[in-house]
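Values below: every heavy atom of this structure, side chains too, minus hydrogens, waters and symmetry copies. Below, read A as the first sequence line, B as the second, and so on, with proteins coming before strands; counting in each chain starts at 1. None of these values were measured; they are calculated from a predicted model.
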Protein chains: 2
Amino acid sequence: MIKIDSTTQTCSNCPIRPRAICSRCTGEELDELGKIKYYKTYSPGASVVLMGDPMTFVASVVSGVATLSRSMADGRMQMVGMLLPSDFIGRPGRDIASFDVTAVSELTLCHFHKRAFEKVTSSTPHVQERLVEIVLDELDATREWMLLLGRKTAREKIASFLLICARRLGTQEGESLQMSLPLTRDAMSDYLGLTIETVSRQMAALKRDGVLVLEGTRKVTIPDLNRLLDEAGDDSDGATLP
Amino acid sequence: MIKIDSTTQTCSNCPIRPRAICSRCTGEELDELGKIKYYKTYSPGASVVLMGDPMTFVASVVSGVATLSRSMADGRMQMVGMLLPSDFIGRPGRDIASFDVTAVSELTLCHFHKRAFEKVTSSTPHVQERLVEIVLDELDATREWMLLLGRKTAREKIASFLLICARRLGTQEGESLQMSLPLTRDAMSDYLGLTIETVSRQMAALKRDGVLVLEGTRKVTIPDLNRLLDEAGDDSDGATLP
DNA sequence: CGGGGGCTTGATGAGACTCAAGAGCGGTGG
DNA sequence: CCACCGCTCTTGAGTCTCATCAAGCCCCCG
């Protein structure tokens, strides 16, 4: 994991610049944002925001993994987003958090005071534009996830999850593709709308059938990406690596 | 249903102004938009856009109901959005449709040529701002829907659906609340990630238990809204009428 | 009256959940 | 160095919800 030192970190050497909310900013605009930003690190399991809390900031994920989730009174919970580096947290124009945000790993966020951020967005079209793009992309991804939750089998859900991870985290190794899963089995079950037992069983089944190779519980190798694509049940289009 | 005559319809008497993409516009900005808009009507079942199609326009729903859905190669499908009057279709900055859009009832849309619309948004912050709001609201709603798809029981799903409808379509009648369901049983099943048979059975069960009263298949009366809230399994907060 | 579309009802079965044990693994301390 | 613990993960047996398959009903329309 990339180590961020909050005291020396500056926008000019920021690892997430190309994809983040500030990607289109001019030097001047960056200075504006720079004045109102501050870094903060959370340890695994720590809560960043709880649903219903007043939201005084927005933020970008700099490093680590966080989850966005919602839970019901009786304890059932559903993850509604997985936040990886460059993803954006919070929403201008809303004062109360609608979801829980939790650090899954060591997590560093680049915060902006919300009020100040809102002032910046209304005066710098570049941020506003990028915000629309980010939110629309997220909406697309979320809708795709609805298909998974509503209609896919457990096996297809696991395969789809692996694909999502591969797209953002995988590294090519000749024919095959390697990655380290960003979530525990438990968090995976929350994401996929399954139980941890079902996740475990289906991972075992995919391994038995040669779709994936496991090394420990987190390191996964995909020998044949097309095979995984088939298992995910997606249409072949729109399901390629970036 | 409100009848729209495309030849005489003007922005100044538009029924969806208060909530639509143009709600914040000044008279001048409206003129800009007015120049590039055109109305179009679709009959029930008609396809507005198919996934993969080039998208040359964006649009607002003026009257009627449309659905946003995604389907799998083997025919399974999941509705990912229900579009009611004032809702927005399409996204600036994306040329290919990611989902199917289908008219469920007689449907009238207010179209804008996408290229032209993009020019307008980049020059009029009011449209851009409203667009961010609309998209963020939709993202919230979509995420809430994920909880439903991933974790709720069939009965809770139906109750939640009725609540959503009540919020946007219901009319108070003393203690109770009346509405006409915007979707067929079939479309409801697509929305809720269920089969039509399960929808039918659960509607029957809720009726048997006095949670709702049916008149025909579409007209529903909710005698006690709190009862329905309980059945939906939501936390009591965030689940009130607007 | 016949037919079709939308909806309901019934019987059966499969897939995922629940509950319950046990395995693997890293850390800690005697 | 090894026994013990706590954690995550896996595996197994039984159960239940919801999907599937198959009729049948209701209402409108020709």
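One can place CD1 of Ile158(B) at 12 Å from P of dC7(C), the figure rounded to the nearest angstrom. At whole-Å resolution of the value, CG in Leu214(A) and P in dC25(C) are 12 Å apart. Note: CZ (Arg76(B)) to P (dG15(C)) measures 12 Å, nearest angstrom. Atom CG of Leu192(B) is separated from atom P of dA19(D) by 10 Å (rounded to the nearest Å). In this structure, CZ of Arg185(A) is placed 13 Å from P of dC25(C), rounded to the nearest angstrom. Here the C1' atom of nucleotide dT17(D) and the NZ atom of Lys152(B) are 17 Å apart, to the nearest Å. Between the CG atom of Leu183(A) and the P atom of dC9(D) there is a distance of 10 Å, rounded to whole Å. dT17(D) atom P lies 20 Å from atom CG of Leu149(B), rounded to whole Å.
Checked against salt bridge (charged side-chain N to carboxylate O under 4.0 Å, His left out), Arg227(B) has the following partners two or more places apart in sequence or in another chain: Glu231(B).
Heavy-atom distances to DNA chain C give each of Arg201(B) and Thr184(B) a nearest nucleotide, and the one nearer the 5′ end belongs to Thr184(B). Judged by closest nucleotide on DNA chain D, Ala204(A) is the one of Ala204(A) and Arg151(A) placed further toward the 5' end.
The listed nucleotides are dT10(D), dT18(C), dG10(C); the one nearest the side chain of Glu197(B) is dG10(C). Picking from dC7(C), dT11(D), dT18(C) the nucleotide with the shortest atom distance to the side chain of Ser200(A) gives dT11(D). Distances were taken from every side-chain heavy atom of Ile196(B) (C-beta onward) to each of dC9(D), dC17(C), dT8(C); the shortest belongs to dT8(C).
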Step by step, would you call Ser71(B) with Asp100(B) a side-chain contact (heavy atoms from CB on, under 4.5 Å)? CA-CA 8 Å; Ser71(B) 38; Asp100(B) 296 330; 3.8 Å; yes
How far apart are the C-alpha atoms of Val199(B) and Tyr191(B), what are their side-chain angles, what is the distance that settles it, and do they pass the side-chain contact (heavy atoms from CB on, under 4.5 Å) test? CA-CA 11 Å; Val199(B) 170; Tyr191(B) 201 2; over 6 Å; no
Show the numbers, then the answer: is there a side-chain contact (heavy atoms from CB on, under 4.5 Å) between Asp190(B) and Ser69(B)? CA-CA 9 Å; Asp190(B) 287 335; Ser69(B) 63; over 6 Å; no
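One finds a side-chain N or O of Thr198(A) lying less than 4.0 angstrom from the OP1 or OP2 phosphate oxygen of dC17(C).
Within 4.0 Å (heavy atoms only), Thr195(B) reaches at least one base atom of the nucleic acid.
Comment: Arg91(B) engages Asp137(A) in a salt bridge, judged by a side-chain N to carboxylate O separation of less than 4.0 angstrom.
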